[in-house]
Amino acid sequence: MQPVIQTSQLRKTYQLAEPVHALRSVDITIQPGEFVSIMGASGSGKSTLMNIIGCLDRPTSGNYKLDGIEVSGMGRDQRADIRNQKIGFVFQGFNLLARTSALANVELPLVYHRGKAFRNSAQRAKKCLERVGLGNRMDHHPSQLSGGQQQRVAIARALVNEPTLILADEPTGNLDTRTSLDIMGLFQELNEEGATILIVTHEPEIATYTKRCIEMRDGLVVADNQVEKQRNARTDLANFTTVTGI
Amino acid sequence: MKLWKLLEAARQSLLKNKTRSALTMFGIIIGVAAVIVMMAMGTGAQKNIEERISSMGTNLLMIRNGTNSRGGVSRGAGSSRSLTMEDADAIRREANLVVAVSPTVSVSGQVIGGGKNWYTQAQGVHMDYLYNRSWDLTEGSMFTDAELRARAKVAVLGSTVAENLFPDQSPIGQSIRIRNVPFKVIGTLEKKGQSSFGRDQDDLILIPVTTALFRLVGDRQWVSDIYASARTIEDTEAATEQITEILRRNHKLIDGQEDDFNIRTQTELTEMFTSTTAALTQLLMWIAFVSLIVGGVGVMNIMLVSVTERTREIGVRVSVGARGSDILYQFLIEAIALSFTGGVAGVLLSWGVAHFMETQQGMTMIIETWVVAAALGVSVSIGLIFGLFPAYKAAQLDPIDALRHE
Ligand SMILES: Nc1ncnc2c1ncn2[C@@H]1O[C@H](COP(=O)(O)OP(=O)(O)O)[C@@H](O)[C@H]1O
Ligand SMILES: [Mg+2]
């Protein structure tokens, strides 16, 4: 099988008064079906790597193959199309369009779709919302939803284009423990169904729900290990609820 | 992204900020309404002038004493005496492009009749005068050739004179005195209204020119004007040349000597008035243009604010795969929708204003379809032109910065 992500000597340097080396030669390979977390302290380069992997940004040098396609040299429009077809983003701050229904938010990537793959986009968006358990909240606007529900809408949006890769930057950063467990449970389910997921986090707790953990420091990968005792978020959530009684 | 999706997005976005959208449109609304109202006024005035000038007569050529003011130093029209009865006869005899000739002499004074007094003008004319001026009688008849030759003391009253002297009865057959000379009323003229110079054209009495010369003026040959009509409107210029030739010969003017008369044609008068209204319309158009520009700047300003406010939204759209051009179109369509809606509102406002001016101010307002179409076209263009920069700015945003924007 060909890897979903394959980077070699990926570098990113910001030219400020003195150059900031956000990434200094990163080599990562991620296979289809993997559930990977990227860990590291603040400023270690996690988001920079995520942005390059998500084709929002370009590396200063090095190569990056996404789903077998070399994307590091692509222009803006080409990268936009790649994001549209191959990537689903989940952000820390949800980044939903306010004053637009959950359904319209989920449909958004399909609005910009250039192929003929998705004829009935509203139908597809509906299915994805049902998948994340919000079938009864389609007409709600983000302000009418809880943080956890908003993040579910964001996840539904990340699923709607049937992406090769789901990227989540601190997806539980704005959520309480209970809701974080809930969201991680959803990611675990999606992974079991075959989705390739990459999440960025600075909480070691969160990383234990993934299958593989890559640690970064100062723009370098310092550790890359399979998670030994992968925890199950659903079980933990059930225990958490019994213990706290919430 | 499909067009209807873009339009729907624009509609929603404009409705989200109703007050702001309405205020932004204000400049466009005023500008568009101003353009249409000005044009309606201009077209209306133009039509009025054309009607008034054509009410002056049929292919009219007005020959007056004095040098043409265009030929160097002028002594003023009518200041010298050069036109005679003989000139009129010569034109009638020789100018084959001229169909009706009426030498004219005016005498103003007190007129007594029906036990009343009225200060007016008696105009000595030839019967052809009615043709020259496209004038009809309402009652009675014009004097005949025989009466003209006999210097008969007969008169045809303008409607103002008739109304003032004989308000309750028909003036036909009544006797009036002009400068103490008794005349018999044989006809009344149809009402013509104000001239393009604002004079009441109906405040006059027509009498045979011969009678006027011999019995009122006491001078037998000098006339003040000669009215003539060219055979057709196209003949106007050639007829003017024929008359000039005849008069120059009659007046024994040698080559290089200036004309001692001048000829005004209806076409010239129309042009004169048209150019005045055209100048006015042009000035007003500039004012409207400026207000449209101001409206456009308002659109640009609000779109720039909107782009800043919605930076995060742009980031989200770009992250899910919107191309720069998608963002550009979205904001451009929004700007166009804004100014076009303003344009439509402006058209409605202009209809209201035009209606008001017509019913309350008695002005002639003519709104032509092409003006409305052009005004709407202009409002779309303004949205396009002034929306381009904000839309371009939005399209150029870096997605990472945009997503991080607070
Ligand atoms: N746009 C930028 N301009 C300059 N420096 C940046 C920019 N983005 C990130 N950096 C720097 O690059 C380094 C890595 O940042 P980042 O990838 O955001 O770290 P993390 O997400 O792990 O906290 C930091 O030192 C940060 O200051
Ligand atoms: Mg970060």
Side-chain angles (χ1 to χ4, degrees), chain A residues 12 14 22 47-48 50-52 54-58 74-101 104-115 118 121-122 125 141-142 153-154 156-161 163 167 169, chain B residues 1-21 302 305-334 337-338 391-406:
Chain A
K12 183 72 181 182
Y14 292 106
S47 295
T48 304
M50 182 74 114
N51 289 336
I52 291 171
C55 293
L56 284 169
D57 205 355
R58 293 161 72 163
M74 281 185 170
R76 274 177 76 109
D77 284 356
Q78 274 179 303
R79 278 187 283 130
D81 292 352
I82 290 280
R83 289 196 297 274
N84 189 243
Q85 288 153 22
K86 296 194 178 289
I87 291 166
F89 282 105
V90 178
F91 303 97
Q92 176 175 4
F94 320 136
N95 276 333
L96 299 176
L97 301 190
R99 287 188 272 193
T100 313
S101 70
N105 265 292
V106 175
E107 216 183 321
L108 194 66
L110 303 183
V111 167
Y112 296 108
H113 193 82
R114 274 157 219 282
F118 306 108
S121 55
H141 285 196
V153 173
R157 182 179 64 192
L159 293 173
V160 80
N161 56 343
L167 293 176
D169 193 350
Chain B
M1 202 170 174
K2 289 158 206 86
L3 185 65
W4 74 266
K5 285 249 182 202
L6 284 168
L7 289 173
E8 175 57 24
R11 191 184 71 88
Q12 276 183 4
S13 155
L14 296 183
L15 286 179
K16 270 175 210 167
N17 292 301
K18 286 194 198 71
T19 318
R20 192 162 90 181
S21 302
I302 227 67
V305 170
S306 176
V307 168
T308 308
E309 278 178 353
R310 288 154 69 190
T311 301
R312 224 166 211 274
E313 174 191 327
I314 296 165
V316 171
R317 287 177 184 276
V318 170
S319 74
V320 302
R323 289 186 179 182
S325 57
D326 291 320
I327 302 299
L328 184 88
Y329 290 142
Q330 185 190 340
F331 281 89
L332 207 50
I333 296 248
E334 202 171 304
L338 192 64
Y392 178 78
K393 245 188 103 176
Q396 289 304 111
L397 281 176
D398 178 67
I400 299 164
D401 291 341
L403 282 168
R404 221 183 271 147
H405 190 262
E406 287 309 314

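Just so you know, these numbers come straight off a predicted model, no measurement behind them. Letters go in sequence order (proteins before strands), and every chain restarts at 1.
- Neither the backbone nor the side chain of A:R79 comes within less than 4.5 Å of any heavy atom in chain B.
- Comparing B:R312, B:R323, B:K16 by how many heavy-atom pairs each has under 4.5 Å with chain A, the most go to B:R323.
- Judged purely by atom type and a 3.5 angstrom limit, A:R83 uses its side chain to pair as donor or acceptor with the backbone of B:V318.
- Atom CZ of A:F91 is surrounded by more than 12 heavy atoms from other residues, nucleotides or ligands within 6.0 Å.
- With sequence neighbours excluded, no residue forms a side chain to side chain donor-acceptor pair (under 3.5 Å) with A:T48.
- Options A:T100, A:N51, A:I82 differ in how many heavy-atom pairs under 4.5 Å they form with chain B, and the most are formed by A:N51.
- When each of A:P163, A:A158, A:G54, A:P109 is checked for heavy-atom pairs under 4.5 Å with chain B, A:P109 comes out on top.
- Atom CG of B:D326 sits about 8.5 Å away from atom CG of A:D77, to the nearest 0.5 Å.
- Most heavy-atom pairs under 4.5 Å with chain B, from the set A:L96, A:I87, A:D81: that is A:D81.
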Quiz prompt | CA sep, side-chain torsions, deciding dist, call: A:L97, B:R317, side-chain contact (heavy atoms from CB on, under 4.5 Å) | solution = CA-CA 9 Å; A:L97 301 190; B:R317 287 177 184 276; 3.6 Å; yes
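- Only the backbone of A:A98 comes within contact range of chain B, judged by heavy atoms closer than 4.5 Å.
- In this structure, B:A322 and A:A80 approach most closely via the heavy-atom pair O-CB, 3.7 Å.
- For the atom pair A:Q92 CD and B:L403 CG, the distance stands at 12.5 Å (nearest 0.5 Å).
- Proximity to chain B (any heavy atom under 4.5 Å) is shown, for A:L56, by both the backbone and the side chain.
- Interface residue A:N95: backbone and side-chain heavy atoms are both found under 4.5 Å from chain B.
- Across all their heavy atoms, A:N84 and B:V320 have their closest contact at ND2-O, 2.8 Å.
- Both the backbone and the side chain of A:R99 come within contact range of chain B, with heavy atoms under 4.5 Å apart.
- At a 4.5 Å heavy-atom cutoff, the contact between B:A395 and chain A is made by backbone atoms alone.
- The contact between A:E107 and chain B is made entirely by side chain atoms (from C-beta outward), counting heavy-atom distances below 4.5 Å.
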